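Notes follow once the structure below has been shown.
FYI, side chains are in, hydrogens and waters are out, and symmetry mates aren't considered; it's all heavy atoms of this structure. The shown structure was predicted, so the numbers you read here are calculated from the model rather than taken from an experiment. So you know, we letter chains A, B, ... as the sequences are listed, proteins then strands, and number each from 1.
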Amino acid sequence: MAELTEQEQIRRNSLQDLKNLGINPYPAALYEVNAKSSEILEKYPQDNSLFQDISIAGRIMSRRIMGAASFVELQDSEGRIQLYIKRDEICPGEDKTLYNTVFKRLLDIGDIIGVTGYVFVTQMGETSIHVKSLTVLSKSLRPLPIVKEKDGVVYDAFSDPEQRYRMRYVDLIVNPHVRDVFVKRAQIVNTMRSYFNEQGYLEVDTPVLQSIPGGAAARPFITHHNALDIDLYLRIANELYLKRLIVGGYEGVYEFSRNFRNEGMDRTHNPEFTCMEIYVAYKDYNWMMRFVENMLQRIALTLHGTTKVNVWGNEIDFKPPFRRAPMCELIKEQTGYDVADMTEEQLRETCKALGVETDETMGKGKLIDAIFGEKCEGTLIQPTFVTDYPIEMSPLCKRHRNNPNLTERFELFVNGKELANAYSELNDPIDQLGRFQEQLRLSEKGDDEAMFIDMDFVRALEYGMPPTSGMGIGIDRLVMMMTGEQSIQDVLLFPQMKPEKKAAVTTDEEFKQHGVDEAWIPMLRKAGINTIAQLKEANVNKLYNDLNGLRKKNKLDIAPVQKEAVERWIEG
RNA sequence: GACUAAUUAGCUCAGCAGGUAGAGCACAUCCCUUUUAAGGAUGGGGUCCUGGGUUCGAGCCCCAGAUUAGUCACCA
């Protein structure tokens, strides 16, 4: 076990002292809570007769002790409220242990307590709780980062991203803003769910483990099922399953789908992320645009009370209708080139002329996408539906009713980023099979994202799927936009991180068995020897000198170690 | 994957031309009896990310590695 820091040791001592006083630092019984910090702060100033017999619980976030009276900031799930603790109030009799020892000495910032009492206003004008009784509910053994705030200025913020993401629990304790982001995330999802349910659409669950990863162009994670002895893929999208359900006869189905893609990680990509996909029978992509607009407007209103949201310095207005523009028109607008009727060769030359990088494996669709991505995406700040994508880029989408080279597809761009993607879904089984075969050709050409052929999906279409419109929206990116967060890690509670590097540490017991004198083990660690392996490689003279030096420095009451002993330890 | 930067006390950060490791908060002991990032005094606390190298001497310079961040590549 790794060495404890001084502060951790002191807290463990306090823990033992509490037990010695007959106080259980981790009691089993429930603690009755009948008030929350936020409602007290909100309602008491209006009506001083309220909250005269309350019980509240939370974490101690700061303490100001002045003799026989103290102030504590208590943090519950809603926020913080000040406690006023007076010695003779919580210790009415002769025995002042609860105040003098338990509260003042054995409790710390980070401990969880419950108190009863009544609400009043201090001379400083702060609504506070006058405490009549105090119960220890959980002793904290690690010191929290201390974040202080005055007049809206935060001092010493706990801000190291690595620590915040790895120890999200600490982040949530000391950074109230972070807790709020995830409340908003839940509100967004709930708003969408009620919006869909109100219209009679059905929420469903489809497989995460799939033998054919379909519905998107992406590299999947591969796993293995032992009993079947087959490889399975973690889903990259749920589209093909939802469409099977439309074939099955549901009018509308949707799913909040956790997807997994074995690709790069950065501040807009996490290996697992959440998409919402919805499919509605007898609709087309024009209907879907109105549907999405209204949904986003409703989310913005729920969260902010207005359709205007500030996203990274841009004021975005989610008030419908959003701009609609065909892709080739936007390319023409930005570059002057009309790519609509170009051949693959002409597109390659255009890319070259525009300075857009290409490679051998790219087909027509990818070439146009490359131009669009490079020249247009970033310019689409206000919500814009980009429509009518070339057919090569959209193997699951219905051909455009007026132009067979295009598809009835839109992507919604907000603040220069893709947010949603929707089709009039392809329901012609023969066309679908042909498009899958084209993907196969791309795959053989080296495009490792080209789609697999899912024959069962084709079979489903052969039974007949009604005209259907489908839409997918990235929940994480939506949350980023709606909360103003700039990285996906900030809207995921537990973003993927590389495993924490664990320093291999040999236990005291192992050192003992290795023949090391017990009294010297702590000194050995201080000398930088934490494993048997390190011990074996140690230099006898250096270690011998180090140990006795440490003995002197730490004023140890043990005899100096003999060089022969150190030799024995090293040799084992 | 490439490049750049960061990594020092529980937290936030200083540190120089290579010469005994610092501050604030937190912690401990004491003082102060209604405070407001409380105040005062004293004190404890460090594998300066890891491993090599240069040097009489490295937190600092060189090489390699780890992690994180940013940019690019990749990524509907």
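Residue-level contact check: Glu8(A) touches neither bases nor backbone, having no heavy atom under 4.0 Å from any strand. Counting any heavy atom pair closer than 4.0 Å across all strands shown, Gly215(A) reaches a base atom. Note on Arg267(A): only backbone sugar-phosphate atoms sit closer than 4.0 angstrom, heavy atoms only; bases stay farther off.
Looking at Arg348(A) and Glu344(A), a side-chain N of the basic residue comes within less than 4.0 Å of a carboxylate O on the acidic one, giving a salt bridge. A salt bridge is defined here as a Lys NZ or Arg NE, NH1 or NH2 lying under 4.0 Å from an Asp or Glu carboxylate O, and Asp490(A) with Arg267(A) fails to meet this definition. Here Arg179(A) does not pair with Asp171(A) in a salt bridge; the nearest charged N to carboxylate O distance is not below 4.0 Å.
One P atom belongs to U55(B), the other to G1(B), and the distance between them is 35 Å to the nearest Å. A gap of 23 Å separates the C1' atoms of U71(B) and A76(B), to the nearest Å. Rounded to whole Å, the P atom of U20(B) lies 23 Å from the corresponding atom of G10(B). Using P as the reference atom, U29(B) and U35(B) are 25 Å apart when rounded to the nearest Å. Taking atom C1' in both A21(B) and G59(B), the straight-line distance is 8 Å, to the nearest Å. Spacing of P atoms, G39(B) relative to C60(B), comes out at 36 Å, to the nearest Å. The same atom, P, is picked in A28(B) and in G19(B); the two are 36 Å apart, to the nearest Å. C11(B) and G52(B) are spaced 26 Å apart, taking the P atom of each and rounding to whole Å.
Distances were taken from every side-chain heavy atom of Met66(A) (C-beta onward) to each of U34(B), C74(B), A76(B); the shortest belongs to U34(B). Closest to the side chain of Asp108(A), out of C27(B), U33(B), U34(B), is C27(B). Nearest to the side chain of Met124(A), among A69(B), A28(B), U36(B), sits U36(B). In this structure, of A69(B), A76(B), U29(B), it is A76(B) that holds the atom nearest to the side chain of Ala217(A).
Applying the 3.5 Å distance criterion, the base of U36(B) shares no donor-acceptor pair with the side chain of Ser62(A). One N or O donor and one acceptor, one from the side chain of Gln82(A) and one from the base of U35(B), sit under 3.5 Å apart. Side-chain to base pairing of Glu126(A) with U36(B): one donor and one acceptor N or O lie within less than 3.5 Å of each other.
For the pair Phe71(A) and His269(A), both in contact range of RNA chain B, the more 5′-proximal nearest nucleotide belongs to Phe71(A). Heavy-atom nearest nucleotides on RNA chain B were determined for Ile65(A) and for Phe120(A), and the one closer to the 5' end corresponds to Phe120(A).
You'll find the ring centres of Tyr84(A) and Phe120(A) inside the 6.0 Å limit.
One atom, CG of Asn270(A), and another, P of U68(B), lie 13 Å apart when rounded to the nearest Å. Here U34(B) presents its P atom at 18 Å from CZ of Arg63(A), a figure rounded to the nearest Å. Regarding Ile109(A), its CD1 atom lies at a distance of 9 Å from the P atom of A38(B), rounded to whole Å. Per the geometry, CD1 belonging to Ile129(A) stands 19 Å off P belonging to U35(B), to the nearest Å. For the pair Tyr423(A) OH and A76(B) P, the computed distance is 11 Å after rounding to whole Å. Put simply, CD on Gln496(A) is 15 Å from C1' on U67(B), counting in whole angstrom units. Look at CG on Asp388(A): it is 21 Å from P on A76(B), rounded to the nearest Å. Whole-Å rounding puts the Leu412(A) CG to A76(B) P distance at 18 Å.
Looking at Asn175(A), its side chain never comes within 3.5 Å of a backbone N or O of His177(A) through a donor-acceptor pair. Not one N or O on the side chain of Asp76(A) forms a donor-acceptor pair closer than 3.5 Å with the backbone of Gly58(A).
Checking Ser257(A) against Arg235(A) by side-chain atom types alone, a donor-acceptor pair falls below 3.5 Å. A donor-acceptor pair shorter than 3.5 Å cannot be found between the side chains of Thr122(A) and Ser128(A). Side-chain atoms of Arg11(A) and Gln16(A) form no donor-acceptor pair, as typed in the model, at a separation below 3.5 Å.
In this structure, Arg219(A) does not reach the C74(B) phosphate: none of its side-chain N or O atoms is under 4.0 Å from OP1 or OP2. Within the structure, every side-chain polar atom (N or O) of Arg64(A) is placed at least 4.0 Å from both OP1 and OP2 of U35(B). At A76(B), none of the side-chain N or O atoms of Arg261(A) fall inside 4.0 Å of OP1 or OP2 (strictly under the cut-off).
Helical stems involving RNA chain B, defined as 3 or more consecutive Watson-Crick or G-U pairs under 3.5 Å, span B:1-7 with B:66-72, B:10-13 with B:22-25, B:27-31 with B:39-43, B:49-53 with B:61-65.
Between Phe413(A) and Phe372(A), the ring-plane angle classifies as perpendicular under the 30° and 60° cut-offs.
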Protein-nucleic acid N or O pairs under 3.5 Å, nucleotides 1-12 of chain B:
residue	atom	partner	partner atom	Å
C11(B)	OP1	Gln163(A)	OE1	3.4

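Side-chain contact between Val208(A) and Arg258(A): absent, with no pair of heavy atoms (C-beta onward) separated by less than 4.5 Å.
Figure legend: Arg324(A) and Phe385(A) shown without cation-pi pairing, the cationic atom not lying both under 6.0 angstrom from the six-membered ring centre and within 45 degrees of its axis.
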